[in-house]
Amino acid sequence: MAFKKQAMIDWAARYTSLLSTTQNDTIKRFYGAAFSDKFAAIKDVPFVAMDFETTGLDSTRDDIVSVGLIPFNLQRIYCKESRHWVVRPRRNFNEGSIVIHGITHSEIDDAPDFNHIIEPLLQALSGKVVVVHYAAIERHFLNTALLLRLNEGINFALVDTMEIERKALKARQGLLGWLFNSKLGSLRLGDCRQRYSLPVYKNHNALTDALATAELLQAQLSYHYREDTPISQLWS
């Protein structure tokens, strides 16, 4: 299935520029080791799926309460190398967010501040292309969390499974769908997985959602893309 090509970002140049301006050593090491080969075929790219559970959806007012990571490629998911952290938010932890992600106040009280996991988190992301389901959450929340604690944000390439699915649904609609402005199907993670006959997982656990995102990307790439597709056609 052919999708309309998006403007390609030269992440090699961007990482070089970011490396020259950052002041924080941990972030500097992350930029120095970043995967930036825009010509790399997707079959050769090391990915890492990342998911956050947060106190809300506004990165300017809310904060991260848990992080799930799992590295993978097109052939394999490395479950033994997965990571999961519960952290104490500095802002806006309320009863409503407990209902969504199931993390209780007692767990939060015993958890470290996000500041304590910044180094292992960036080490786990180092040298890989980050994969998320809905880029606005993970990209904005991580940037804001670092600004709040280090007075310096972060920028990085990522692949968004929600955006891949949106393009797939638009392509499936065709010209008539575009002319009549037909509604797309649901872009929720579970609904996207169902289209590829992937198993149902319980939502709103950061590690489970990271695994679900990794599996979804494997299915999407297998179904919609050739293995020699350059990663630059997917990342943003």
Side-chain angles (χ1 to χ4, degrees), residues 1-16 33-51 68-82 124-139 155-179 182-201 208-236:
M1 184 180 295
F3 299 152
K4 183 180 178 181
K5 291 184 179 180
Q6 63 186 30
M8 296 181 185
I9 298 174
D10 186 349
W11 276 101
R14 182 167 294 187
Y15 283 135
T16 297
F35 187 94
S36 60
D37 182 1
K38 62 184 178 182
F39 299 112
I42 56 175
K43 66 181 178 63
D44 299 323
V45 173
F47 294 107
V48 57
M50 179 171 70
D51 185 80
L69 298 178
I70 189 161
F72 70 103
N73 55 36
L74 288 196
Q75 296 77 37
R76 184 177 177 185
I77 294 175
Y78 297 95
C79 294
K80 288 185 178 180
E81 297 176 27
S82 64
L125 299 179
S126 182
K128 299 178 177 64
V129 175
V130 178
V131 180
V132 302
H133 190 76
Y134 188 40
I137 294 293
E138 280 75 17
R139 176 172 270 162
N155 196 3
F156 52 94
L158 57 74
V159 173
D160 185 353
T161 53
M162 180 183 284
E163 179 62 13
I164 291 175
E165 195 66 12
R166 185 191 68 80
K167 290 179 179 178
L169 292 174
K170 290 287 286 187
R172 189 178 303 167
Q173 277 188 336
L175 180 60
L176 286 178
W178 179 79
L179 287 173
S182 300
K183 290 185 178 180
L184 296 177
S186 169
L187 293 173
R188 291 180 180 275
L189 179 57
D191 294 325
C192 293
R193 287 173 56 83
Q194 188 174 19
R195 295 187 187 100
Y196 303 92
S197 301
L198 293 170
V200 176
Y201 294 151
T208 302
D209 284 352
L211 173 60
T213 300
E215 291 177 343
L216 176 59
L217 184 67
Q218 286 181 327
Q220 289 173 324
L221 297 186
S222 175
Y223 193 86
H224 300 299
Y225 291 88
R226 291 166 49 109
E227 287 190 343
D228 60 355
T229 301
I231 186 61
S232 57
Q233 290 190 19
L234 296 175
W235 65 19
S236 62

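Smallest separation of non-hydrogen atoms from I42 and L74: O-CG, 3.7 Å. Listed here is the closest heavy atom pair of S186 and C192: O-SG, 4.1 Å. Closest of all the heavy-atom pairs between A212 and Y201 is CB-CD1, 3.9 Å. A pairwise comparison of heavy atoms in S36 and A12 identifies CB-CA, 3.6 Å as the closest pair. For L69 against A210, the heavy-atom pair with the smallest separation is N-CB, 4.3 Å. Between V45 and N73, the closest heavy-atom pair is O-CB, 3.9 Å.
Note: Y134 OH to T213 OG1 = 14.5 Å, rounded to the nearest 0.5 Å. Taken to the nearest 0.5 Å, the CD1 atom of I231 stands 7.0 Å off from the CZ atom of F35. Rounded to the nearest 0.5 angstrom, Q173 CD and L184 CG are separated by 5.0 Å. Remark: I70 CD1 to C79 SG distance equals 4.0 Å, nearest 0.5 Å. Rounded to the nearest 0.5 angstrom, Q220 CD and K167 NZ are separated by 11.0 Å.
For Y15 (side chain) and A157 (main-chain N/O), a donor-acceptor pair under 3.5 Å exists by modelled atom type. Between the side chain of T161 and the main chain of V132, a donor-acceptor pair closer than 3.5 Å is present. One N or O on the side chain of H133 and one on the backbone of L187 form a donor-acceptor pair closer than 3.5 Å.
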Let me see the working for V130 and E138 under side-chain contact (heavy atoms from CB on, under 4.5 Å), right down to the final yes or no. CA-CA 10 Å; V130 178; E138 280 75 17; over 6 Å; no

Apply side-chain contact (heavy atoms from CB on, under 4.5 Å) to residues L189 and M162 and explain how you reach the verdict. CA-CA 8 Å; L189 179 57; M162 180 183 284; over 6 Å; no

CA sep, side-chain torsions, deciding dist, call: W235, V129, side-chain contact (heavy atoms from CB on, under 4.5 Å): CA-CA 8 Å; W235 65 19; V129 175; 4.2 Å; yes

Apply the test side-chain contact (heavy atoms from CB on, under 4.5 Å) to residues L216 and V131: give CA-CA distance (whole Å), side-chain angles for both, the deciding distance (0.1 Å), then the verdict. CA-CA 10 Å; L216 176 59; V131 180; over 6 Å; no

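Contact of the L158 side chain with the M50 side chain is not registered, since no non-hydrogen atoms from C-beta on lie closer than 4.5 Å. Side-chain atoms of V48 and Y78, non-hydrogen and from C-beta on, never get closer than 4.5 Å to each other.
Note on residues 189-198: pairs passing salt bridge (charged side-chain N to carboxylate O under 4.0 Å, His left out), not counting sequence neighbours, are E165-R195, R193-E215. Residues in residues 37-47 take part in no side-chain hydrogen bond (donor to acceptor under 3.5 Å, both in side chains) pair, two or more places apart or across chains.
Using the six-membered ring where Trp is involved, F72 and F47 have ring planes that are parallel, under 30° apart on the 30 and 60° scheme.
Just one residue in the list K80, R76, K128 forms a side chain to side chain contact (heavy atoms under 4.5 Å, CB included) with P71, and that residue is K128.
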